[in-house]
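A short write-up of the structure that comes next.
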Amino acid sequence: MFSVPYQPEIIEKKWQQIWEEQQAFRATEDYSKPKYYCLIEFPYPSGAGLHVGHPRSNTALDIIARKRRMEGYNVLYPIGWDAFGLPTENYAIQHHVHPAKVTRDNIDHFRSQLKRIGFSFDYSREVNTTDPGYYRWTQWIFLKLYEHGLAYKAEMPINWCTSCKCGLANEEVVDGVCERCGSEVVRKVKNQWMLRITHYAQKLLDGLDTVDFIDRVKAQQRNWIGRSEGAELDFSIRDSDETLRVYTTRPDTLFGATYMVVSPEHPLVDRLADRIQNLDEVLNYRTEAAKKSDFQRSELDHVKTGVQVKGLAAINPVNGNEIPVWVADYVLMGYGTGAIMAVPAHDARDWEFAKAFNLPITPVFSGGNVQEAVHNTGDEDVAINSGFLNGLPVPQAKQRMIEYLEEKGLGERKINYKLRDWVFSRQRYWGEPIPIIHCPHCGVVPLKETDLPLLLPDVEHYETTDSGESPLSRMDDWVNVPCPVCEAPAKRETDTMPQWAGSSWYFLRYCDPHNDNAFASQEALDYWMPVDWYNGGMEHTTLHLLYSRFWHLFLHDIGLVKAPEPYQKRTSHGMILGENGEKMSKSRGNVINPDDMIDEIGADAFRMYEMFMGAFDQAIPWNTNGARGCKRFLDRVWRLQSMVDEKARGLSKRLRVQVNSAIEKVGEDYERMKYNTAIAALMSLVNDYYDVGSITPDELKALLLLLSPVAPHICEEIWQLQGYGDPLYRQPWPQYDEKYLVADQVEIAIQVNGKIRGRMMVDSELDKVQAERELPLHPQVAPLIDGRQVVKLVYVPGRLLNLVIK
RNA sequence: GCGGGAAUGGCGGAAUUGGCAGACGCGCUAGAUUCAGGUUCUAGUGAGCAAUACGUUCAUGCAGGUUCAAGUCCUGUUUCCCGCACCA
């Protein structure tokens, strides 16, 4: 009788040590083998330690990585630390510790937590974004961006977090507040480093067609890039040389333009100031608009405000009509040309505005009553009141108008994107210094590559200055340097890079993490890239995922990486909620600590529950009892050892189908990230084993091989206890035999008029003729069809027979 | 408003091309084992009717439709979640 107890705390430690000693999960430099690159988003090592969300993603790809190794691939499954950033800096400020020390401690803590869960990371390739050996190359890529005109400095109104005292990218502002700290974000004009991501808008869009990303990621990125097609055209201003250029997606409605709107900041107001009769009123409106944050602008439920610019009239280029010009803050300076032609009949916003200020509404497409409600045109509506467009349906009218405008030189086809350039400066300490020197004579001077890394100096105070400058600006010794070109006294750039910089290329560094001569060798990049499978959070879709695609597209364009796209496949996990169904947070008191769970049920059961709790891509509430259920299952697996019997062979012949279909099902489900059903299939298999009561070593082996990616420690231990030879991680992935997927006998449901009236075990080979002869004889069914006419027989082999009777 | 997704027992969730709805787990009920139990084992567990049994009716947000057959397909509709949003 088998009597060794299952003690996860002992065997897990034991196997983690063995794997480490044997370097079981090292990615090798044997470039002749087929490779597989699995990637999870490297964590930010916060002081709070690991939360239960990390293991969901990590375990999911750990399963894939372990399976791929068993399938013979050279697998790269790396880990690292995205360690620059605000929380660390804030902690350092509060506790008067150097952020570098905080980072080091947090990383040590994170690493030990991750190791305890038994992930098959290749720790020899760890990267750390705050390591000068790493950020040297982050700075180097920045210099390349600068060299190619993609990094520039500009005086820009930017998003300014009032609490972090720091500029933010558009992507970092959520609902008008700072994504990180939730404080109010205001507009502030600052001289900022910007990255020209807009230059890549179309490539970022086109690239999506070439990769295997889940649909919602693609949709969200497309939406964020926000491409729209239309035309730009000029309206002349009466009695002046000025023209007013507008962007519209509906040039076909040009005859319906009854007024113009420019945004409050529009330069036309300044250029024609002396002609504006109500200049005070207009400037006053401008001041009021400037006071509103973007958030307030959209919060006001879109109640339209505006002021007519008296003394100005625009001329509609197609019909010569004079129309009034208004300023209103529903037109944004940052999109298109900052000015629109208003077609109230067919645009909801213009319609509301026209109603509010009693402006004329002229329909230019058939259908709808535009005095009552705005008319959103359909493709079948035809142009009216539109001169040469009359009678044309929308698509043709659009085409015809653009041709007309281009012929007459009034305007041209134009594509616009909502995507904005990336605000790349942060007025903070704990980030990569921007390797730039400002010289009074030479202007902006990039550092020489040989001067990299530009080390982050030690400072006494990490706080942003009162004037909103980076703490580095107080470091006179560091700031004041001779210009590398003319040697005149010059100053270093004191802003640092945003947290997203280091993570925009880390997956490249993993390919060759210790290289001192390049960010990675060509050979390593050619072999490992692209990432075959990348899993991460949806919250990074329009941040990290977009930024890193941009950097990679750029590196591709300058010939440094082979493929344009970095990630072949992108999937995303759902969030784990607290037991009460709410988002986990300290303030709600519903946080589950992975360490506590592992203390109680062990890492294997913990990993298993993370995968079993529900559909991988959906948000799921944690349930500690459910996790205990997984522990219970592993106990049952452990006890299977007392049922192993060489002589069981004859008895358990009936398990052949179950084992073979489990191999098929579990393998496929892992690939499709249907971990919950894969585990359910394994549970069913174990239930079958218990039903039979005695199993062969081969049956146990099959189970262990299938279960090992999810619960590797217990499987290795049983494998060893049973004397099955080489460690499990070196075994090949099991194969199923096609001919044992179907049982000899199957149960057929017998329906009468679609209702089940009986079931019968039959030979699985039973053909239609036999089935239609034999099955209706079923004792429950025969009386029902006795004396009735059978109109139709539908036989689905292996499933059912339906008798349609009258 | 635009885009994406979802709705199935007390709970998390299963269900290839339409083919036996509720796999698997949690919880719950009863019994057995145990000095003990957050142990193990056995049986049961969608609702109703029934109480003779492999009986019967109703059930996948709602209302229709197609089909021998619908959670799955079609039309309409409601609710919820996520992302974007005065983007012209």
Side-chain angles (χ1 to χ4, degrees), chain A residues 174-175 214-224 226-228 230 246-250 253 261 263 294 297-298 300-304 328-332 334-343 347-350 352-353 376 416-420 538-539 541-542 574-575 581 600-601 608-609 612-615 617-633 635-636 639 668 674 676-687 690 747-759 779-780 791-805:
Chain A
V174 177
D175 293 335
I214 53 170
D215 288 342
R216 55 191 176 136
V217 168
K218 286 192 183 185
Q220 222 164 291
Q221 288 208 344
R222 286 197 183 105
N223 197 43
W224 186 260
R227 177 190 156 106
S228 75
V246 301
Y247 172 69
T248 176
T249 53
R250 295 297 305 274
T253 61
V261 185
S263 73
D294 280 1
R297 279 199 190 186
S298 52
L300 297 171
D301 247 352
H302 302 178
V303 174
K304 299 282 183 294
D329 64 3
Y330 82 92
V331 173
L332 310 172
Y335 184 78
T337 62
I340 61 157
M341 62 179 211
V343 184
D347 180 282
R349 296 150 304 180
D350 297 345
E352 268 179 50
F353 192 80
N376 295 310
N416 260 331
Y417 302 90
K418 286 194 237 174
L419 187 70
R420 299 299 148 75
M538 280 308 288
E539 70 275 18
T541 301
T542 54
M575 204 192 316
E600 185 182 334
I601 62 173
M608 188 167 178
Y609 178 62
F612 181 62
M613 59 195 303
D617 57 354
Q618 265 158 48
I620 297 281
W622 182 270
N623 179 337
T624 297
N625 275 324
R628 291 184 182 122
C630 287
K631 169 64 164 39
R632 217 158 14 235
F633 169 74
D635 284 333
R636 271 163 76 74
R639 288 196 309 270
E668 281 176 8
K674 305 211 92 182
N676 53 338
T677 50
I679 292 167
L682 290 168
M683 288 171 167
S684 291
L685 184 64
V686 169
N687 289 344
Y690 272 90
E747 193 185 55
I748 297 284
I750 308 165
Q751 300 182 330
V752 177
N753 286 344
K755 290 210 156 79
I756 292 162
R757 298 298 172 177
R759 293 167 218 277
Q780 243 99 48
V791 194
K792 195 172 177 181
L793 280 159
V794 183
Y795 176 57
V796 183
R799 294 194 183 269
L800 58 75
L801 175 78
N802 189 12
L803 300 143
V804 186
I805 62 169

Task: B:C41 OP1/OP2 closer than 4.0 Å to side-chain N/O of A:R636 - done: yes

- [ ] Compare side-chain N and O positions of A:Y335 against OP1 and OP2 of B:A88 and report whether any pair is under 4.0 Å apart.
- [x] yes

Open item on the list: Check this one for me: any side-chain N or O of A:R628 less than 4.0 Å away from OP1 or OP2 of B:G27?
Closed with: no

Task: Atom pair distance, as rounded to whole Å: OH in A:Y609 and C1' in B:C26 - done: 8 Å

- [ ] Could you tell me whether A:N625 contacts a base, only the sugar-phosphate backbone, or nothing, with contacts defined as non-hydrogen atoms closer than 4.0 Å?
- [x] sugar-phosphate

Open item on the list: Tell me the interatomic distance from A:Q220, atom CD, to B:C2, atom P, rounded to whole angstroms.
Closed with: 18 Å

Open item on the list: Between A:R216 and A:I748, which residue's closest nucleotide on RNA chain B lies nearer the 5′ terminus?
Closed with: A:R216

- [ ] Quickly work out the A:D347 CG to B:A85 C1' distance and round it to whole Å.
- [x] 14 Å

- [ ] Could you run through nucleotides 65-73 of chain B and give me one letter per nucleotide, 5' to 3': B if any protein heavy atom sits under 4.0 Å from the base, S if only the sugar-phosphate is that close, - if neither?
- [x] ---B-----

TODO: Would you please test A:Y330 and A:S263 for side chain to side chain donor-acceptor pair (under 3.5 Å) and show each step?
DONE: CA-CA 7 Å; A:Y330 82 92; A:S263 73; over 6 Å; no

TODO: Could you check whether A:A615 gets within reach of a base, just the sugar-phosphate, or nothing at all, counting any heavy atom under 4.0 Å?
DONE: sugar-phosphate

With 3.5 Å as the limit, what N/O pairs link the protein to nucleotides 15-18 of chain B?
unit_1 : atom_1 : unit_2 : atom_2 : d
B:A15  : OP1    : A:K674 : NZ     : 3.4

Task: Under-4.0 Å side-chain N/O to phosphate OP1/OP2 contact, A:N623 with B:G13 - done: no

Task: Interatomic distance where CE belongs to A:M683 and C1' belongs to B:G13 [whole Å] - done: 12 Å

Task: Syn or anti conformation of B:G9, syn meaning chi within 90° of 0 - done: syn

Task: For atom CG of A:N676 and atom P of B:A23, their distance in whole Å - done: 14 Å

Task: A:Q618 CD to B:A14 C1', straight-line distance once rounded to whole Å - done: 13 Å

Open item on the list: Tell me whether the side-chain N or O atoms of A:K304 pair up with the base of B:C86 as donor and acceptor below 3.5 Å, since no angle test is needed here.
Closed with: yes

TODO: Return the 5'-most residue of the pair A:Y690, A:M538 with respect to RNA chain B, ranking by each residue's nearest nucleotide.
DONE: A:Y690

Open item on the list: Taking salt bridge (Lys or Arg N to Asp or Glu O under 4.0 Å) as the cut-off, I'd like each qualifying pair that reaches into residues 620-631 of chain A, sequence neighbours left out, listed once.
Closed with: A:E600-A:R628, A:K631-A:D635

List the atom pairs, with distances to 0.1 Å, where a side-chain N or O of residues 748-755 of chain A and a protein N or O form a donor-acceptor pair under 3.5 Å, not counting sequence neighbours.
unit_1 : atom_1 : unit_2 : atom_2 : d
A:N753 : OD1    : A:I805 : N      : 2.9

TODO: Under the side chain to side chain donor-acceptor pair (under 3.5 Å) rule, collect the residues that match up with A:T249, sequence neighbours excluded.
DONE: none

- [ ] State the dot-bracket string of RNA chain B. Criteria: Watson-Crick or G-U wobble, both atom distances under 3.5 angstrom; notation: ( ) intrastrand, [ ] crossing earlier pairs, | interstrand, . unpaired.
- [x] (((((((..(((......[....)))((((((.......))))))((((.....))))..(((((..]....))))))))))))....

Open item on the list: Does a side-chain N or O of A:R632 approach OP1 or OP2 of B:U39 to a distance below 4.0 Å, or not?
Closed with: yes

- [ ] Take atom OH of A:Y417 and atom P of B:A88, then tell me their distance rounded to the nearest Å.
- [x] 13 Å

- [ ] Establish, with yes or no, whether the OP1 or OP2 oxygen of B:G83 is under 4.0 angstrom from a side-chain nitrogen or oxygen of A:R222.
- [x] no

